[in-house]
Amino acid sequence: MNAAVAPARLFALPRLSSPAVRRLFYGAVGLGLLFGLWWLGGLLLYLNPATRSFANFGPIPTFRAFPELIGDGTILRAIESSGYRLGMGLLLAITCGVPIGIFMGRSQTFRQLSNTPFQLLRMISPLSWEPIAVIVFAKWDAAIIFLIAIAAVWPVAFSTAAGLAKVDPAWFKVSRNLGARPWHMLSQIILPAIAFDVLTGIRLALGVAWIVLVPAEFLGVTSGLGYSIEDARETLSYNHLTAMVLVIGVIGFALDSICMLLITRYSWHRQT
Amino acid sequence: MPIRGVHIEVVDLSHRYSSRGALTFDRVKLEAQSGEALAIIGRSGCGKSTLLHIMAGLVRPTSGKVSLDGKAVEGPSPRWVMMFQAPHLFPWMRVAQNVGIGLRFANWPQAEMRDRVAEALRLVDLEDFAENNVQDLSGGQQQRVALARSLVMEPELLLLDEPFSALDAFTRASLQRDVRSIAKRLGINLVNVTHDIDEAVLMGDRALIMAGSPGRIMHDITIDLGDPRERQDPAVQAARAQLMKSFEGAANAASGTAGSEAGDTHDADHGSSAEFTGMSAAESLGTARA
Ligand SMILES: Nc1ncnc2c1ncn2[C@@H]1O[C@H](COP(=O)(O)OP(=O)(O)OP(=O)(O)O)[C@@H](O)[C@H]1O
Ligand SMILES: [Mg+2]
């Protein structure tokens with residue numbers, strides 16, 4: 001960002017004292033420790049004759065399952081179906097949540113009117129909507145998308161409203177004076193001003209949606225990550241099961257990291 | 001930038017914020033010639049900011065009207081731009097984007113916008129800071145960016161609501177000098193609200209003293225001094241002392257019984273208002289109050 005600082009950082013990069021390298025280093029070591037523990041657990045299962053049939057839960061059989069799961073397209077298909085549901089659910093949550101949040105932030109009447117019902121709806125565990133969703137929607141896909149959307153809409157809406165509450169009202173006065181029309185106000189002032197808060201809300205929403213997605217796929221559907229885990233359990237292919245669990249973790253982590261990057265990119269807040 | 005200003009006429013302007021609330025000010029009248037720099041001085045709460053907001057079209061008056069070149073002000077416009085105590089820059093934009101935002105609202109082509117922004121930044125001596133983050137600038141530099149953001153629209157009228165009051169003395173002095181010289185060079189009208197008598201003397205062609213509740217314009221004093229104005233200059237000092245005296249007089253008159261004398265003063269038109277150069281002003285002012 002700052003021209004004077006950039007070259008200095010570049011020089012410091014190879015040293016461990018550089019924060020980025022340090023973070024990467026500790027991240028790798030921590031991950032290594034996790035896999036070590038997993039491996040130890042697998043070994044213990046293997047050593048005890050009573051649990052030897054579960055030894056496939058260990059990391060080595062798990063990693064051996066990947067070529068097969070990738071080769072026959074299981075992983076890709078599962079990601080595709082789950083990704084579609086997640087994407088549609090989140091899209092719905094964002095397209096409803098952001099306007100609701102802006103409305104909450106701009107209109108005091110609406111905020112006061114909606115606060116109690118929204119807080120109540122928010123506290124309903126998303127999965128408890130499942131039976132209703134199944135009755136209402138003809139397709140399982142639609143039901144799952146609904147579950148994700150209803151879970152994800154609240155963090156987006158509340159975060160947007162909170163962001164708007166922090167917006168300096170003088171910005172509106174200044175822009176009105178400089179000839180802003182309502183459309184400019186939204187695109188040039190409100191949205192950039194609250195981008196950080198909206199993205200933070202989306203990140204929270206993604207976390208909730210990801211948690212809801214997998215159990216929602218345990219029932220009814222015959223595709224997706226949740227289904228693959230259920231399927232692996234029923235066929236007793238435990239290494240497939242752990243492989244899919246690992247895939248879920250990796251994708252979730254990746255999506256969350258992307259959100260983090262976007263937040264850093266669009267944040268204008270100064271940490272002091 | 002072309003030279004232009006605007007003839008300002010405020011007629012019987014009254015305002016109350018709520019229908020049952022007290023009057024903020026009552027039948028305020030004022031007139032300014034094209035290119036003139038007005039300073040409005042008054043105690044806190046007498047309605048100066050409200051008056052500026054109404055002149056900028058940001059607030060609708062309860063009654064009365066503001067005309068610029070004979071046309072009534074109906075709403076905000078980039079032709080009359082207001083500056084506030086804080087710069088209120090947009091922190092997600094760089095300096096140049098902040099300055100160009102008004103042109104962007106008006107859908108200017110990129111190339112012309114860049115030229116205009118560069119010119120405005122040159123006017124406020126910030127050409128080297130175009131790509132900086134506004135949050136990295138000092139308070140004075142930020143206020144300069146806000147000034148450039150206003151100037152880039154080539155306004156006819158700049159309404160200043162104490163934009164220098166939060167700055168240190170040195171920065172304030174340099175901005176006072178620069179804003180006046182830029183406004184004079186471009187022919188822009190200034191209406192400058194301030195608590196600072198020095199600032200009124202250093203920046204104004206005329207000073208209006210507002211006092212009372214509801215607020216009224218009690219005195220209208222011409223400050224006939226050359227440019228550039230230096231604080232230490234005896235003529236400036238004398239004008240300052242004189243302005244101070246009538247300021248205190250106005251405050252006393254306002255706090256006493258609603259003086260009919262004060263009412264007469266604000267009804268007096270521009271031509272008959274007290275006018276002074278240096279020491280000779282004492283007399284004309286003395287007669288006005290006698
Ligand atoms: N938005 C508002 N709603 C209601 N009352 C207001 C509002 N803004 C100002 N007032 C009231 O109107 C009166 C005049 O306020 P104004 O801000 O115009 O004074 P001012 O002369 O600019 O004061 P200062 O020198 O402190 O800035 C005050 O009594 C204030 O309380
Ligand atoms: Mg004020």
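Here is how names work: the chains are called A, B, and so on, in the same order as the sequence lines, proteins then strands, and each is numbered from 1. Worth knowing before you read on, the calculation uses all heavy atoms, side chains too, and leaves out hydrogens, waters and symmetry mates. The structure displayed is predicted, hence computed values, not measured ones.
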Worksheet item: Any side-chain heavy atom of Ile145(A) within less than 4.5 Å of one from Tyr84(A)?
Response: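 SC-SC contact between Ile145(A) and Tyr84(A) confirmed.
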
Counting only heavy atoms closer than 4.5 Å, note whether [X] contacts chain A via side chain, backbone, both or neither.
| X | value |
| --- | --- |
| Met82(B) | both |
| Met93(B) | side chain |
| Leu89(B) | backbone |
| Arg149(B) | both |

Discussion item. Closer than 3.5 angstrom, by distance alone: can the side chain of Thr95(A) be matched with the main-chain N or O of Leu91(A) as a donor-acceptor pair?
Written reply: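 Side chain of Thr95(A) to backbone of Leu91(A): a pair is present.
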
Worksheet item: Just by modelled atom types, is the Val134(B) backbone N or O under 3.5 Å from a matching donor or acceptor in the Gln142(B) side chain?
Response: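 Confirmed, Gln142(B) side chain pairs with Val134(B) backbone.
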
Worksheet item: So, Asp205(B) and Arg180(B), do they make that salt bridge, N to O below 4.0 Å?
Response: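 Here Asp205(B) pairs with Arg180(B) in a salt bridge, since their nearest N and O are under 4.0 Å apart.
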
Tell me yes or no: between the side chains of [X] and [Y], is some donor less than 3.5 Å from an acceptor?
| X | Y | answer |
| --- | --- | --- |
| Ser174(B) | Arg144(B) | yes |
| Gln108(A) | Arg111(A) | no |
| Gln188(A) | Ser175(A) | no |
| His7(B) | Glu31(B) | yes |

Practice prompt. Using the six-membered ring wherever Trp is involved, compare the ring planes of His88(B) and Phe84(B) and label them parallel, tilted or perpendicular (cut-offs 30° and 60°).
Written response: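 Perpendicular, since the angle between the ring planes exceeds 60°.
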
Practice prompt. With chain A as the partner chain, list the residues of residues 41-71 of chain B whose heavy atoms fall under 4.5 Å from it, by residue number, and write 'none' if nothing qualifies.
Written response: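 Expected list: His53(B), Leu58(B).
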
Practice prompt. May I ask you to list the residues in residues 159-167 of chain B that approach chain A closer than 4.5 angstrom, counting heavy atoms only, ordered by number?
Written response: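 If one takes a 4.5 Å heavy-atom cut-off, no residue of residues 159-167 of chain B lies near chain A.
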
Worksheet entry | chain B contact via Asn177(A) - side chain, backbone, both or neither, heavy atoms under 4.5 Å |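 Contact with chain B is through both the backbone and side chain of Asn177(A).
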
Worksheet item: For Ala195(A), is it the side chain, the backbone, both, or neither that has a heavy atom closer than 4.5 Å to a heavy atom of chain B?
Response: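 Answer is neither: Ala195(A) stays 4.5 Å or more from chain B.
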
Discussion item. If you take the centroid of each ring, where Trp contributes its six-membered ring, are Trp268(A) and Phe196(A) closer together than 6.0 Å?
Written reply: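 No, the ring centres sit 6.0 Å or more apart.
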
Worksheet item: Mind checking what makes side chain to side chain donor-acceptor pair (under 3.5 Å) contact with Asn132(B), not counting sequence neighbours?
Response: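 Expected list: none.
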
Item to complete: Could you pull out all residues at least two apart from Lys166(A) that satisfy side chain to side chain donor-acceptor pair (under 3.5 Å)?
Response: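 In terms of side chain to side chain donor-acceptor pair (under 3.5 Å), with neighbours along the sequence ignored, Lys166(A) is linked to Asp197(A).
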
Worksheet item: With respect to chain A, which residue among Ala106(B), Ala146(B), Gly102(B), Pro91(B) yields the maximal number of heavy-atom pairs within a distance under 4.5 Å?
Response: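 Max contact count across the listed options: Pro91(B).
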
